[in-house]
Amino acid sequence: MTRILPSYCLVMLLTLQSSAQERVIHFPDVAPFQTLVADLHMHTVFSDGSVWPNIRVDEALRDGLDVIAVTDHLEYLPHRHDIPFPDRNRPHEIATASAGDRPLVVINGSEITRRMPLGHLNAIFVQDANSLVLADSVAALQEANSQGAFVFWNHPNWVAQNPSGLAALNPVHLALLQEGLLHGIEIANDQTYSDEALAIALEHDLAILATSDIHGLVDWQFAVPEGGHRPVTLVFATGREKSAIREALRARRTVAYFKHRLIGRAETLEPLLAASLTVTNAAYGFGTTVVAVTISNASSTPFTLRNVSAYTLHEHTDLIVVPARGEVTIKVKTGERLSSLTLTFEALNALTAPGTHPRLPLAVDVP
Ligand SMILES: [Zn+2]
Ligand SMILES: [Zn+2]
């Protein structure tokens, strides 16, 4: 039996479909790599989170993530009397079983949770989280590394541990760096961002990471229904295998994505911008030397661009916005009819160092 849906039902259906699509975090691949969307720091009831691990998996799939690591605290277990568990690998095992054959890679991880000066560090790609429960924190990090872990310093700007919010390496971190036991740093965690952590990453060759550190629900914490998104790390990997993801992280091929901002090394971020923003049409107006150029955005974040080209614009000031998954047409006054030209923009919602916006050259061919 067929039923014709009333038109308001169709409108509702289309609205639901588009909002489900809009929440997906997507960036195009950057040859020769796949662009994987990863959240490498999150909690469940197995430490101080409020949800079972399967909720983390379902949230991640709704957000279009490719990779998650469930990283419950090793030392801080406020639910241990209600949920006693002897095996620290259980949250990972439950999450892995929940993901099943759906397109999400689940990595085993733990948050090594200490007072300052060490603070909190995540160890991911561990083989056995139980063997990281050690009184000596450096021994725990050595054990994680011996299991092949990728280790990063969490929220170095956290005011509960660092009241100034100014991230700074302590001697214990410098010793870890010298021994090759520390490989990355969160420059964004939950709602906070740290220019100082970015400077540390660039100076000490650490992977640049953004993570949700979610304890409650992603939708509530990051206002996803209102257009927000969780902080994630874009990982440029040769494939979706765990070994390829680990290799990419160890090689520092990452970009942090936080509050619609992209933060990364120039050599990683500039190719991502070039893959995201492309010229899809160009034509001179009849009898004029004003060329209409359409710039398309293949990513799920809007870009704010400042024109620093040799040419001025006819219908914009120096600022243009290219909407997420959309396009903008700008009119460029070239003074004469050209068969090709280059437009140059500063990407204002991208950072390659504190206060430094990358430049994006766009080649335009006019048929
Ligand atoms: Zn922490
Ligand atoms: Zn945490």
Side-chain angles (χ1 to χ4, degrees), residues 38-53 55-57 59-60 65 67-80 83 88-92 94-95 106-126 129 132-134 137-138 140-141 144 149-170 172-173 176 181-194 196-197 200-201 206-218 220-222 230-233 249 256 258:
D39 187 356
L40 303 175
H41 187 167
M42 54 180 66
H43 296 275
T44 74
V45 290
F46 287 91
S47 63
D48 57 346
S50 303
V51 306
W52 199 252
I55 301 298
R56 293 287 170 249
V57 169
E59 286 178 319
L65 269 54
V67 185
I68 62 168
V70 178
T71 54
D72 279 308
H73 296 284
L74 287 179
E75 295 86 354
Y76 180 54
L77 305 169
H79 304 318
R80 67 187 178 282
I83 306 173
R88 305 307 184 88
N89 300 306
R90 279 304 286 158
H92 169 69
I94 295 168
V106 182
I107 297 166
N108 199 4
S110 290
E111 183 164 11
I112 297 166
T113 310
R114 303 299 168 108
R115 291 196 178 87
M116 291 301 261
L118 183 67
H120 297 188
L121 295 100
N122 271 6
I124 61 171
F125 301 100
V126 296
L132 306 183
V133 184
L134 298 171
S137 48
V138 173
L141 291 165
F150 172 81
V151 176
F152 55 97
W153 187 16
N154 299 341
H155 45 70
N157 57 332
W158 186 31
V159 290
Q161 287 194 325
N162 177 359
S164 73
L166 296 166
L169 291 171
N170 294 311
V172 61
H173 302 119
L176 292 174
L181 300 177
L182 180 61
H183 317 115
I185 186 169
E186 288 182 347
I187 61 120
N189 170 291
D190 189 1
Q191 305 291 343
T192 68
Y193 165 76
S194 172
E196 293 75 23
I200 290 169
L206 291 166
I208 293 167
L209 305 169
T211 71
S212 72
D213 200 358
I214 184 68
H215 290 71
L217 292 177
V218 166
W220 295 354
Q221 185 66 12
F222 301 106
R230 73 168 89 193
V232 292
T233 303
L249 288 166
F258 167 76

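First listed ligand is number 1; within each ligand, the first listed atom is number 1. Being a predicted model, the structure only gives us computed values, none of them experimental.
The Zn ion (ligand 2) has an N, O or S atom of His41 under 2.8 Å away, backbone or side chain. For the Zn ion (ligand 1), the set of nearby N, O or S atoms under 2.8 Å includes one belonging to His155.
The Zn ion (ligand 1) lies closest to atom ND1 when only the N/O/S atoms of His120 are considered. With respect to the Zn ion (ligand 2), His43 has NE2 as its nearest N, O or S atom. Minimum-distance N/O/S atom of Asp213 relative to the Zn ion (ligand 2): OD1. Closest approach between the Zn ion (ligand 1) and any N/O/S atom of Glu111 involves OE2.
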* To do: Take Asp190 and Gln221, measure what side chain to side chain contact (heavy atoms under 4.5 Å, CB included) needs, and give me the verdict at the end.
  => CA-CA 8 Å; Asp190 189 1; Gln221 185 66 12; 2.8 Å; yes
* To do: Please test Asn154 against Asn189 for side chain to side chain donor-acceptor pair (under 3.5 Å), starting from the C-alpha separation and ending with a verdict.
  => CA-CA 8 Å; Asn154 299 341; Asn189 170 291; over 6 Å; no
* List the steps and the verdict of side chain to side chain contact (heavy atoms under 4.5 Å, CB included) for Asp48 and His73. => CA-CA 8 Å; Asp48 57 346; His73 296 284; 3.0 Å; yes
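For the 3.5 Å distance criterion, the side chains of Glu111 and His43 qualify, holding a donor opposite an acceptor.
Annotation: side chain of Phe222 is in contact with side chain of Gln191 (closest heavy-atom distance under 4.5 Å).
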